[in-house]
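Residue numbering restarts at 1 for every chain, and letters A, B, ... go by the order of the sequence lines.
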Amino acid sequence: MYRKTHQTIQEWYQQSGRLDLPWRNTDEAYYIYLSEVMLQQTQVKTVLERYYIPFIERFPSLKSLGEAPLDDVLKMWEGLGYYNRAKNLHKTATLVDELPSDIEELIKLPGIGKNTAHAVAAFAFHQPVPIMEANVKRILCRLHQLIKPTEKRLWEIAYDLVDKVNPFDYNQAMMDIGATICLPRNPKCEICPLSDICKGKEEPERYPEKKKRMVPTREQNILIRIYEDKLSLTQREGKFLHGLWGFESVKIPECASEYLGEVTHVYTHFKLNCKVYLYYEHTPEHSDYFSVDEIQKLAISKVDEKIVKLFLATM
DNA sequence: AACCCGTGGGC
DNA sequence: TGCCCAAGGGT
């Protein structure tokens, strides 16, 4: 089954695949696992140019990662987004000495879902299983003209199509085909190695259904408390920007505070509009205070980075 | 199943 | 510009 298709995919991969990606040229399971977590909902270019190598240099082994303070891990993750990934990565490093090879064991670890478990199994342990990320999903939808498929159906198709002889190259190839040929818009069907078995190539952009997003706007008042030339920041505790340091959000700014200006930021699900106020404390409150230099050593989010810049620009 | 969780690329 | 979207996981 699919013998010819598998051969075509393998030939395409050797000719046109992204063979030089660093996580494709290592046997170290930790390095492969790390790449899978960093690449969740994150483009290859971002991970490749700014995060993957520095993170490995700072935390060269699962052991060193587990022994490090979470704040250090978050600092290396700063700017990459979805910070629960860093928290779960660190947690997993404290739980195991080595990554398990079984999908059932991998999926029990925090931050490893069905896809990442399959990816680690296929790429680190060369198991004959398919993966199921954004590129593969789009390809499978087009191959079978699926507009809004269930996860179950997608996995059935994936297991049917996977090349069990060379699952590593097959899975890497599928992602490359999705990233360079089977594009969301204007796919290059005329040069696609899968075009022989693709039922959706006449109207590829019909599959799968586009996501529609609501982007409401939220208003916030940010209060920068200053005491002896140092700024007050607190470490966030909820799910949002977990573990990162940031400025305080208040309902009503202190009446003696000075209006600095506005900062905006766009997230996936909402737009944030911050009015920033400055307030000089007479006595220190129960939060920590940092100089601008000291703030550089903390892990903070993009919004708070913008707020620091606004503060510096108005001084 | 649907929603929350960040940031930046690319058009 | 504004919008879609990216090697998803947790709930």
Side-chain angles (χ1 to χ4, degrees), chain A residues 17-18 21-24 31-52 74 77-89 91-92 106-124 130-140 148-155 158 168 170-180 182-187 205 208-218 236-244 246 264-272 299-306:
Chain A
R18 298 173 291 184
L21 294 174
W23 45 85
R24 292 184 180 179
Y31 295 164
I32 292 169
Y33 157 58
L34 174 66
S35 77
E36 290 302 328
V37 176
M38 281 192 168
L39 288 162
Q40 287 169 6
Q41 292 291 288
T42 308
Q43 295 190 170
V44 169
K45 181 172 182 172
T46 303
V47 173
L48 196 55
E49 293 181 352
R50 299 172 46 197
Y51 292 95
Y52 186 63
L74 285 169
W77 207 268
E78 185 180 52
L80 194 52
Y82 288 144
Y83 298 94
N84 260 337
R85 291 184 294 173
K87 185 188 172 192
N88 287 330
L89 194 67
K91 177 70 175 174
T92 290
L106 284 163
I107 211 166
K108 288 178 186 170
L109 296 168
I112 299 183
K114 191 168 182 180
N115 173 57
T116 300
H118 278 70
V120 171
F123 297 140
I131 60 167
M132 182 63 63
E133 45 65 73
N135 293 301
V136 173
K137 246 178 217 181
R138 188 171 53 254
I139 291 172
L140 297 184
K148 196 180 177 186
T150 62
E151 290 297 309
K152 182 168 178 253
R153 180 69 182 128
L154 283 171
W155 279 103
F168 184 102
Y170 165 85
N171 281 312
Q172 303 286 16
M174 289 292 278
M175 288 192 286
D176 287 356
I177 293 168
T180 64
C182 196
L183 301 164
R185 280 168 294 181
N186 302 320
E205 293 191 25
E209 179 185 60
K210 316 272 187 196
K211 294 170 193 165
K212 24 203 164 202
R213 291 199 171 105
M214 283 289 299
V215 185
T217 299
R218 295 183 193 171
R236 298 170 187 272
E237 290 180 354
K239 279 197 242 173
F240 188 64
L241 300 173
H242 178 91
L244 272 63
T264 63
H265 192 70
V266 180
Y267 296 97
T268 304
H269 289 280
F270 63 95
K271 212 177 291 184
L272 192 55
I300 68 173
S301 75
K302 270 307 158 193
V303 196
D304 293 299
E305 194 178 305
K306 289 179 182 176

Using the [atom1] atom as the point on both nucleotides, what is the distance between [M] and [N], in whole Å?
N      : M      : atom1 : answer
dC4(C) : dC3(B) : P     : 16 Å
dG6(B) : dC5(C) : C1'   : 13 Å
dA7(C) : dA2(B) : P     : 23 Å

Do you know which of Y31(A), F123(A), Y52(A) makes ring-ring contact (aromatic ring centres under 6.0 Å, His included) with W23(A)? Y52(A)
State whether the number of non-hydrogen atoms from other residues, nucleotides or ligands found under 6.0 Å of K306(A) atom NZ is greater than 12. yes
Could you work out which one of [options] sits closest to the side chain of [X]?
X       : options                 : result
N88(A)  : dG8(C), dG10(C), dA7(C) : dG10(C)
P184(A) : dG6(B), dG9(B), dA6(C)  : dA6(C)
A134(A) : dG8(C), dG10(B), dG6(B) : dG8(C)
T150(A) : dC5(B), dG10(B), dA1(B) : dA1(B)
R213(A) : dC5(C), dC5(B), dG9(B)  : dC5(C)
T116(A) : dA7(C), dG6(B), dG9(C)  : dG9(C)
F240(A) : dG9(B), dA7(C), dC5(B)  : dC5(B)
K148(A) : dG10(B), dT7(B), dA2(B) : dA2(B)
L241(A) : dA7(C), dT7(B), dC5(C)  : dT7(B)

Indicate whether OP1 or OP2 belonging to [N] is found under 4.0 Å from a side-chain N or O atom of [X].
X       : N      : result
H265(A) : dT7(B) : yes
Q41(A)  : dA6(C) : no
K212(A) : dC3(C) : no
Y83(A)  : dT7(B) : yes
K302(A) : dG8(B) : yes
N115(A) : dA7(C) : no
R138(A) : dA6(C) : yes

Calculate the interatomic distance between [X] atom [atom1] and [N] atom [atom2]; express it in whole Å.
X       : N      : atom1 : atom2 : result
K87(A)  : dC4(B) : NZ    : P     : 19 Å
H242(A) : dG9(C) : NE2   : P     : 19 Å
W77(A)  : dG8(C) : CH2   : C1'   : 12 Å
Q43(A)  : dC4(C) : CD    : P     : 15 Å
D304(A) : dT7(B) : CG    : C1'   : 14 Å
R85(A)  : dA7(C) : CZ    : P     : 12 Å
F168(A) : dA7(C) : CZ    : P     : 17 Å
I131(A) : dA6(C) : CD1   : P     : 13 Å

Look at the side chain of T42(A) against the base of dG8(B) and say whether a donor-acceptor pair falls under 3.5 Å; ignore hydrogens and angles.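 Flag unset: no donor-acceptor pair detected.
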Tell me whether the side-chain N or O atoms of T268(A) pair up with the base of dT7(B) as donor and acceptor below 3.5 Å, since no angle test is needed here. yes
Would you say E151(A)'s side chain and L154(A)'s backbone share a donor-acceptor pair under 3.5 angstrom? no
Given 3.5 Å as the limit, does a donor-acceptor pair link the side chain of D176(A) with the main chain of G17(A), or not? no
When we call it a touch if two heavy atoms are under 4.0 Å apart, what does [X] touch: a base, just sugar-phosphate, or nothing?
X       : answer
V37(A)  : nothing
R18(A)  : base
S301(A) : sugar-phosphate

Side chain to side chain contact (heavy atoms under 4.5 Å, CB included) between Y82(A) and T268(A), intermediate numbers included: CA-CA 11 Å; Y82(A) 288 144; T268(A) 304; 4.0 Å; yes
Need to verify one output field. Residue with the more 5' nearest nucleotide on DNA chain C, D176(A) or G111(A)?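 Result: D176(A).
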5′-ward residue of the pair K239(A)/L39(A) relative to DNA chain C: L39(A)
Geometric class of the F270(A)/F240(A) ring pair [parallel <30°, tilted 30-60°, perpendicular >60°]: tilted
Whether the K302(A) and H265(A) side chains hold a donor-acceptor pair (N or O, under 3.5 Å, no angle test) is what I'd like checked. no
Taking atom types as modelled and ignoring hydrogens, do the side chains of R85(A) and Q40(A) form a donor-acceptor contact shorter than 3.5 angstrom?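 Side-chain D/A pair, R85(A) to Q40(A): absent.
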